[in-house]
Number of protein chains: 2
Amino acid sequence: MIPTIKDVAKHADVSIATVSRILNSQTGYSEKTKQKVLNSIKELGYQPNAVARGLINKKTQTIGVLFPDVSSMLSSAILKGIEDAAHNLGHSVIVCHTASRGKRTLKYLQLLREKRVDGIIFASERMLEEYYEVVQQMDVPVILISTESSYDIPFVKVDDKRASYSATEYLVKKGHCNIGFISGPIEDKIAGLPRLEGFKQALYKNGIQLRQQNIVVTKGFGYEHGRDSLSFLLERSPDITGIVAASDEIAVGVLTSAYKLGIKVPDQLSIIGYDNLKIAEMAIPPLTTVAQPLYQLGKEGAEMLLHMLITGEKAKSKILPHRIIERQSISKR
Amino acid sequence: MIPTIKDVAKHADVSIATVSRILNSQTGYSEKTKQKVLNSIKELGYQPNAVARGLINKKTQTIGVLFPDVSSMLSSAILKGIEDAAHNLGHSVIVCHTASRGKRTLKYLQLLREKRVDGIIFASERMLEEYYEVVQQMDVPVILISTESSYDIPFVKVDDKRASYSATEYLVKKGHCNIGFISGPIEDKIAGLPRLEGFKQALYKNGIQLRQQNIVVTKGFGYEHGRDSLSFLLERSPDITGIVAASDEIAVGVLTSAYKLGIKVPDQLSIIGYDNLKIAEMAIPPLTTVAQPLYQLGKEGAEMLLHMLITGEKAKSKILPHRIIERQSISKR
DNA sequence: CTTTTATACGTAAACGTTTACTCTAATTTT
DNA sequence: AAAATTAGAGTAAACGTTTACGTATAAAAG
């Protein structure tokens, strides 16, 4: 049988209140009894029951994290940051991957509510109205990572538009002036549209005429989307010398496609990615990309959440800096 | 204020016992009261408190998962399988990444104990004696994924030795007879040594003389390890025509290195990986590899655990089948 | 030496459930 | 019609903590 505080109390011949006080290092006991109790604890191998604690304290020291897909490289890097920070501050994290669309997110939200988590993180997960209503009712702090919303919920992310601007401008500065852009879905108001706009703006500011046929809008940010886009793009604009991809996966897809088509990167075609996933480094040639501080995003997000938890004050949203990681997928013109 | 079962009882003018019975769909109430109570529940927006439930039921509907590194592509694929299965069976999963070695695993184990998780999964995480002692005391079911131990703990994994055997033999059947092997650390009794032995055995069975200088033992299974091994291997054995890598990351590292050295894959050098991560597909050229059913491993593992939880019987360990995924990193000789 | 104050505890209620037990009234059996 | 059974409910204890409150003893103050 697993020992309880009662067993400890009995064994040490004190009341459970005293044991509890010692456990929580409050005042109200002598050094002698403390030692006695500590001994009993060790002897019985007692471990406090966090469930009982949670019941009375109304705090579970647990947060919930919602991801569209835990297994994407993006998510897992963020998750690591979250888990690190949470654990450092004495909290556990329950992961929920909401992948298979539909009502799954709502179900998870309810679950987290029943479990009485102390806070919730939406990571790259859209905050819909129906979700917002639920979290409002739950009355727990919420943080958005790598996304934002029309509601007043603190978020931490990079500035997608500016990052995309930087990427584009980097290419321009390298002497490219006929540049293609492979965007994700532009219905995506967070990671889709802003990156396209950053691209457009960079061209505009650098006095380069935008050509509509240089833009291809894909249905997603995945490898396949990039792979399948290159030939289409090249058909319409055979003369482009550089490509800005809205994600590293897209960029790697392009790399693959270029290889198949016998196009040399970076000699004949330059390409810049977005995210700085591990694969960017592993690609052939290693991919120049604009880095999101993924781990940092997770870490900061969790820290913001826990800060809200402790202090009760609302966290201020943060924009984390992006930066260009120069590797070998870009050549000077 | 968040409503409790008491509020529901009062609102519906019944006792809390009745509400509880209805909530748990037991017997002992009329259809009429049921409707009345259901109404009150909806009206108050009541959600049962899983913490209180956990306290009395001694079940938290939560399992803990230990990973050396959540953010590795391997882990995240497994995690997805775990999470899927667990959720389908009404359980949540707490992730713990034990990366930064040392006593962190032990700390996590204690945490999971305090939180009273119903079961624990060790995923690619070594089961040391000190861990074993703790989980023994905890008296919860444990499952090992992608690893095994000297203790009587059910596991689910592929047969590393045979998988490596298959990979090697595949190369042999393609006409290669001077084959290199880039192993992980052979101190690793799970993923290191067995794969090396599978390699040796395959050579032996196919009547190929083993050359010690064809084997390079690395300190890890990462990209860097592969990248930095190729030139070393080629120095000692310039004539090899094929390489078996102990992981996809290693293989991709080799690919990169080969590219830099101007060695054409697969024309001059064939290479087969291990794992079938997403990067295998994304590599240039796409990597032929022996696939571990990662998602499946996670799923089956979680299912085994939950089955133990429900039935109380010990699960039988499982070896899941591996298979060769043919892509384009291997040529016929 | 009495009175006050601080220290070191113990008692019991509370957290939100589940469930064994009890009770009443209705229904069925004999 | 009386007895036995059953359906529909309520009461209260239990789960393992924390904590407000009470109390006895010892130390400090007068």
Side-chain angles (χ1 to χ4, degrees), chain A residues 1-38 40-41 44-62 90 110-111 113-118 138-139, chain B residues 1-38 40-41 44-62 90 110-111 113-118 138-139:
Chain A
M1 201 44 206
I2 219 165
T4 73
I5 198 173
K6 253 182 224 167
D7 301 317
V8 175
K10 202 167 296 171
H11 188 273
D13 196 31
V14 296
S15 76
I16 58 171
T18 299
V19 178
S20 175
R21 276 186 287 254
I22 293 172
L23 247 27
N24 297 287
S25 40
Q26 299 169 329
T27 61
Y29 49 85
S30 67
E31 182 62 24
K32 204 173 61 185
T33 43
K34 179 177 170 184
Q35 289 311 325
K36 202 169 48 169
V37 168
L38 256 28
S40 301
I41 288 180
L44 299 178
Y46 166 77
Q47 302 254 163
N49 183 329
V51 179
R53 273 190 172 161
L55 182 57
I56 197 151
N57 289 335
K58 293 170 176 302
K59 287 277 170 262
T60 51
Q61 308 279 98
T62 305
Q110 262 156 240
L111 189 81
R113 187 179 181 187
E114 292 195 6
K115 291 248 160 98
R116 299 300 194 260
V117 294
D118 297 338
M138 290 178 68
D139 194 35
Chain B
M1 201 45 208
I2 219 164
T4 74
I5 197 172
K6 252 183 223 166
D7 301 317
V8 175
K10 201 168 297 171
H11 188 274
D13 196 30
V14 296
S15 76
I16 59 170
T18 298
V19 178
S20 176
R21 277 187 287 254
I22 292 172
L23 248 27
N24 298 288
S25 39
Q26 299 168 329
T27 61
Y29 49 84
S30 67
E31 182 62 23
K32 203 174 60 184
T33 42
K34 178 176 170 186
Q35 288 311 325
K36 202 168 49 171
V37 168
L38 256 27
S40 300
I41 288 179
L44 299 177
Y46 166 78
Q47 301 254 164
N49 182 330
V51 179
R53 272 189 173 163
L55 182 57
I56 197 151
N57 288 336
K58 293 169 175 302
K59 288 277 171 258
T60 52
Q61 309 279 99
T62 304
Q110 263 157 238
L111 189 82
R113 186 178 181 189
E114 292 194 6
K115 290 246 161 98
R116 299 299 193 262
V117 294
D118 297 339
M138 288 178 69
D139 194 34

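We name chains A, B, ... by the order of the sequence lines, and we start the count at 1 in each one. Since the model is a prediction, treat every value here as computed from it, not as a measurement.
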Between Val51(B) and Gly54(A), which heavy-atom pair has the shortest distance, and what is it? CG1-C, 3.9 Å
Once you apply a heavy-atom cut-off of 4.0 Å, does Ile16(B) come out as touching a base, just sugar-phosphate, or nothing? base
When all nucleic acid strands are considered with a 4.0 Å heavy-atom cut-off, which category describes Val51(B): base, sugar-phosphate, or nothing? nothing
Between Val19(A) and Val14(A), is there a side-chain heavy-atom distance shorter than 4.5 Å?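 Val14(A) reaches Val19(A) side chain to side chain.
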Is the shortest side-chain heavy-atom distance between Tyr46(A) and Ile5(A) below 4.5 Å? yes
Write down the distance between NZ (Lys10(B)) and P (dT11(D)), rounded to a whole number of angstrom. 13 Å
Just the rounded figure in Å: distance from C1' of dA8(C) to NZ of Lys36(A). 11 Å
Contact under 4.0 Å: [X] side-chain N or O vs [N] OP1/OP2:
{"X": "Lys58(A)", "N": "dG16(C)", "answer": "yes"}
{"X": "Thr18(A)", "N": "dA8(C)", "answer": "no"}
{"X": "Ser30(A)", "N": "dC9(C)", "answer": "yes"}
{"X": "Asn24(B)", "N": "dT18(C)", "answer": "yes"}
{"X": "Ser20(B)", "N": "dT19(C)", "answer": "no"}
{"X": "Thr4(A)", "N": "dG16(D)", "answer": "no"}
{"X": "Thr27(A)", "N": "dT7(C)", "answer": "no"}

Audit row: Asn49(B), Thr4(B), side chain to side chain contact (heavy atoms under 4.5 Å, CB included) steps and yes/no: CA-CA 8 Å; Asn49(B) 182 330; Thr4(B) 74; over 6 Å; no
Minimum-distance nucleotide to [X] side chain [options: [options]]:
{"X": "Ala17(B)", "options": "dT11(D), dT19(D), dT17(C)", "value": "dT11(D)"}
{"X": "Thr33(B)", "options": "dT18(D), dA9(D), dT18(C)", "value": "dA9(D)"}
{"X": "Asn49(B)", "options": "dG16(C), dT18(C), dT19(D)", "value": "dG16(C)"}
{"X": "Ile56(B)", "options": "dT11(C), dT18(C), dG16(D)", "value": "dT18(C)"}

In sequence, state the C-alpha distance, the side-chain angles, and the governing distance for Lys59(A) and Arg116(A), and then conclude on side chain to side chain contact (heavy atoms under 4.5 Å, CB included). CA-CA 8 Å; Lys59(A) 287 277 170 262; Arg116(A) 299 300 194 260; over 6 Å; no
Check: Thr60(A) main-chain N/O paired with Thr62(A) side-chain donor or acceptor under 3.5 Å: yes
Taking five pairs at each end of the helix from dC1(C)-dG30(D) to dT30(C)-dA1(D), what angle separates the two helix axes (nearest 10°)?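 That helix gives 40° between its end axes.
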Rounded distance (nearest 0.5 Å) linking atom CD of Gln47(A) with atom CD1 of Ile2(A):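 Between atom CD of Gln47(A) and atom CD1 of Ile2(A) there are 8.5 Å.
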Do Arg21(B) and dG8(D) have a side chain to base donor-acceptor pair shorter than 3.5 Å?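 No, the side chain and the base share no sub-3.5 Å donor-acceptor pair.
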With no hydrogens and no angle check, do the side chains of Gln35(B) and Glu31(B) hold a donor and an acceptor under 3.5 Å apart?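 The criterion, which ignores hydrogens and geometry beyond distance, is satisfied for Glu31(B) and Gln35(B).
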The answer to which of Arg116(B) and Val14(B) contacts DNA chain D further toward the 5' end, by nearest nucleotide, is Val14(B)
Select from Gly28(B) and Leu55(B) the residue whose nearest nucleotide in DNA chain D is closer to the 5' end of that strand.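 The residue whose closest nucleotide sits nearer the 5' end is Gly28(B).
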